[in-house]
Amino acid sequence: MRGRVESQGECYHYFHIDDVVPANHPLRSIKVRADGILRDMSRRFSTAYGKAGRPSIPPERLIKALLLQALYSIRSEIQLCEQIGYNLLYRWFLDMNPSDSVWTPEVFCMNRARFDQHGFVRDFFDRVVKEGILEGLVSADHFSVDGSLIQSFASMKSLRPMGTKDSKVSDGSDDQDVGNPTVNFRGERRTNKTHRSIVDPEARLMRKGKGKPAMLSHSLHVLMENRSGLCLDIAVDEANGTAERIQAGAMLDRTFQRHALWPQTLGTDAGYKDGKFLDAVEQTGIVPHVPVGEGPIVGDDPGAQARRRAKRRAKSKGYGCSQRIRKRIEEIFGWCKMIGGLGRARFVGRWKVKLQSEVTGAAYNLLRLARLRPAI
C-alpha cells in the first residue's frame with residue numbers, strides 16, 4: 001500500500017539525540033578522544049578567562065566546532081553556525097540540546113586572538129599526537145617531511161609596487177567597479193622584491209613547479225611518522241623556497257621537545273637535496289633518504305660529501321622503502337587541502353592561517369586514529 005504525505009505531522013517528538021547517530025559513525029570515536037583531551041585542558045582554559053562578567057561560549061565547544069568545519073568541508077564560519085542550527089549530528093557532537101540557540105560567527109573572531117595568545121589550538125594538536133603515541137600507533141624509527149603551498153586569500157589583483165599609496169584593490173583600477181575591478185598588469189614585471197599584496201602583505205609569489213603560474217601563497221609543512229601515517233607536526237611559513245629545509249629542522253626539534261621522538265631516518269623529496277641541509281641532518285644522527293639526481297657532484301666540502309653519501313644510499317633497500325612510504329604524506333596534504341579547506345586560506349594573516357592548519361591537522365589525526373583504533 002502506498003504511503004501518503006501528511007500535510008501536518010506531530011507537533012512534538014520525544015527521542016534521545018544519541019539515538020540518531022549510528023553506532024559505527026567515526027564521529028563517535030573522534031568525540032571520545034576530543035572530549036578527553038579538552039577535559040585535560042580545562043585548567044588552561046580557566047587561566048585565559050576572567051572570573052566575573054557574562055559567561056562566554058565554552059572554548060571546548062568552539063574548538064570542536066572548528067573540527068567539524070574541517071571534517072565536513074564547511075567553507076565559512078557563517079555557514080558553520082548555520083549548519084549547527086539545524087544539524088542534529090553537529091549538535092550531538094557539540095553537546096548541545098536541540099533547543100539550544102547557536103552563537104553568532106563573530107564569536108570565532110573574538111576568540112581567535114585569545115586562542116593564539118595562549119596556544120590552545122597548538123596544545124590541542126600536540127595532545128592528539130600524544131594520544132597516538134600512548135596507543136602505540138606512532139613509531140620513532142622513520143619519519144617523512146614535505147612542503148606544499150596554501151594559496152593566499154588575496155587575489156593577484158591586489159599586487160602593487162612597494163611604496164604605493166593604494167589601500168584597496170579598486171584603487172588604480174581601469175574602471176569604477178568596486179566589487180570586481182579590472183586591473184591591467186600586462187607588460188609589468190611583478191616579483192617579490194618589487195611588489196606586495198595590499199590585502200595580504202605576508203603572502204609571496206611562488207609557483208608549484210616549472211610551467212605553473214606564480215600565485216600569492218604561504219608555505220605549508222608537515223612532519224609524518226611512517227608507521228601509521230599520522231601528522232606529528234604542521235607549520236606555516238613564508239613561501240620563499242628555503243622554508244622547507246628551515247621548517248624541517250624546526251619540526252624535528254619541536255617533536256623531540258614535546259614528545260621525545262627522534263627518528264633514525266628522514267624521507268624527503270628532491271627539494272631537500274641541498275648539501276648543507278643533508279650535512280646538518282646527518283650531524284644530528286638522522287640518516288636522510290633524499291633523491292639527489294644523476295648528475296655529477298662538484299666540490300669536496302661537507303655539503304658535497306653529504307650529497308655523495310645520499311647518492312650512494314639511494315641504492316639501498318631502506319631508501320626504497322622510505323621513498324615508497326613517503327608518498328603517504330601527499331595524502332595528508334590532499335586531505336588537508338580538499339577536505340580541510342587549506343587549498344586556499346580563509347583568512348588574511350599568517351598567524352590565522354597557522355591556526356587553521358593546526359585545527360585541520362588535528363582533525364586529520366583524529367579521523368586517522370578513529371579508523372586505526374576506534375575509541376568506543
Side-chain angles (χ1 to χ4, degrees), residues 17 27-72 74-85 87-132 231 233-236 258 336 340-342 345-347 349-367 369-370 375:
I17 193 170
L27 268 191
R28 285 191 177 274
S29 182
I30 293 174
K31 186 178 189 305
V32 170
R33 286 191 173 91
D35 286 344
I37 292 171
L38 292 171
R39 278 194 301 269
D40 294 338
M41 293 177 62
S42 178
R43 183 172 296 181
R44 289 205 60 198
F45 291 141
S46 298
T47 60
Y49 291 83
K51 303 297 183 182
R54 188 173 63 180
S56 67
I57 305 299
E60 299 93 334
R61 190 164 286 173
L62 294 179
I63 290 178
K64 288 169 70 176
L66 293 175
L67 289 177
L68 287 175
Q69 186 177 19
L71 289 166
Y72 287 93
I74 303 174
R75 64 178 179 267
S76 69
E77 291 161 356
I78 296 175
Q79 190 182 50
L80 173 62
C81 292
E82 176 186 336
Q83 294 194 21
I84 292 173
N87 194 315
L88 288 178
L89 177 66
Y90 294 176
R91 284 178 172 266
W92 167 84
F93 185 77
L94 298 175
D95 298 308
M96 296 175 63
N97 294 319
S99 59
D100 290 345
S101 58
V102 185
W103 59 87
T104 60
E106 288 77 15
V107 171
F108 291 104
C109 301
M110 295 163 58
N111 284 274
R112 189 171 289 113
R114 190 198 307 268
F115 283 11
D116 180 64
Q117 178 184 356
H118 294 273
F120 289 156
V121 178
R122 166 53 70 170
D123 189 20
F124 181 80
F125 174 87
D126 288 336
R127 288 172 185 261
V128 173
V129 173
K130 188 176 181 180
E131 285 285 309
C231 175
D233 203 348
I234 192 167
V236 174
R258 296 177 178 178
C336 288
L342 283 180
R346 298 191 183 105
F347 308 104
R350 193 175 298 144
W351 69 272
K352 297 180 184 179
V353 181
K354 174 175 171 288
L355 285 182
Q356 182 187 355
S357 69
E358 290 168 351
V359 169
T360 306
Y364 175 86
N365 280 341
L366 285 169
L367 183 59
L369 289 173

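Computed over heavy atoms, backbone and side chain alike; hydrogens, waters and symmetry mates excluded.
- Taking both residues in full, the closest heavy atoms of V128 and A362 are given as CG1-O, 4.2 Å, listed atom of the first, atom of the second, then distance.
- Heavy-atom neighbours of I78 CD1 from other residues, nucleotides or ligands within 6.0 Å: at or below the threshold of 12.
- Between E358 and I234, some side-chain heavy-atom pair lies under the 4.5 Å cut-off.
- If you take CG on L68 and CG on N87, they are separated by 8.5 Å, rounding to the nearest 0.5 Å.
- Looking at heavy atoms from C-beta onward, F120 lies out of side-chain contact with N111 at the 4.5 angstrom threshold.
- Both tests pass for R114 against the ring of Y49: distance under 6.0 Å to the centre and angle within 45° of the axis.
- Interatomic distance, L80 CG to I74 CD1, rounded to the nearest 0.5 Å: 5.0 Å.
- Looking only at side-chain heavy atoms (C-beta outward), F124 and L66 stay at 4.5 Å or farther from each other.
- The heavy-atom pair separating L369 from G132 by the smallest distance is CD2-CA, 3.9 Å.
- Checking side-chain atoms of R44 against main-chain N and O of H118 turns up a donor-acceptor pair under 3.5 Å.
- Using a 4.5 Å heavy-atom cutoff, the side chains of D116 and K352 are not in contact.
- By the 4.0 Å N-to-carboxylate-O rule, K64 lies too far from E60 to be salt-bridged with it.
- Nearest heavy-atom pair, A370 versus I30, reported as atom, atom and distance to 0.1 Å: CB-CG1, 4.1 Å.
- Between K31 atom NZ and L67 atom CG the span is 12.0 Å, to the nearest 0.5 Å.
- Residues F45 and P58 have side chains not in contact (no heavy-atom distance under 4.5 Å, counting atoms from C-beta outward).
- Atom CH2 in W103 sits 4.0 Å away from atom CD1 in I84 (nearest 0.5 Å).
- In this structure, the side chain of D123 does not engage the main chain of G119 through any donor-acceptor pair within 3.5 Å.
- At least one donor-acceptor pair closer than 3.5 Å links the side chain of Q356 to the backbone N or O of G341.
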Which is it for R33 and S29 under the side chain to side chain donor-acceptor pair (under 3.5 Å) test, yes or no, and what are the steps along the way? CA-CA 6 Å; R33 286 191 173 91; S29 182; 2.9 Å; yes
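- Across all non-hydrogen atoms, the minimal contact from C231 to F125 is O-CZ, 3.5 Å.
- Ion pairing between a basic and an acidic side chain is recognised when a charged N comes within 4.0 Å of a carboxylate O; D126 and K130 show no such pairing.
- In this structure, the side chains of W92 and L27 come closer than 4.5 Å at one or more pairs of heavy atoms.
- R112 places a side-chain heavy atom less than 4.5 Å from the side chain of W351.
- A distance-only check finds a donor-acceptor pair linking the side chain of R61 to the backbone of D95 [under 3.5 Å].
- Closest of all the heavy-atom pairs between V102 and G85 is CG2-CA, 3.6 Å.
- In this structure, L71 CG and T360 OG1 are separated by 9.0 Å, a value rounded to the nearest 0.5 Å.
- We find the CD1-CD1 distance between I63 and I37 to be 10.0 Å, quoted to the nearest 0.5 Å.
- Minimum heavy-atom separation, E77 to Q69: N-NE2, 3.7 Å.
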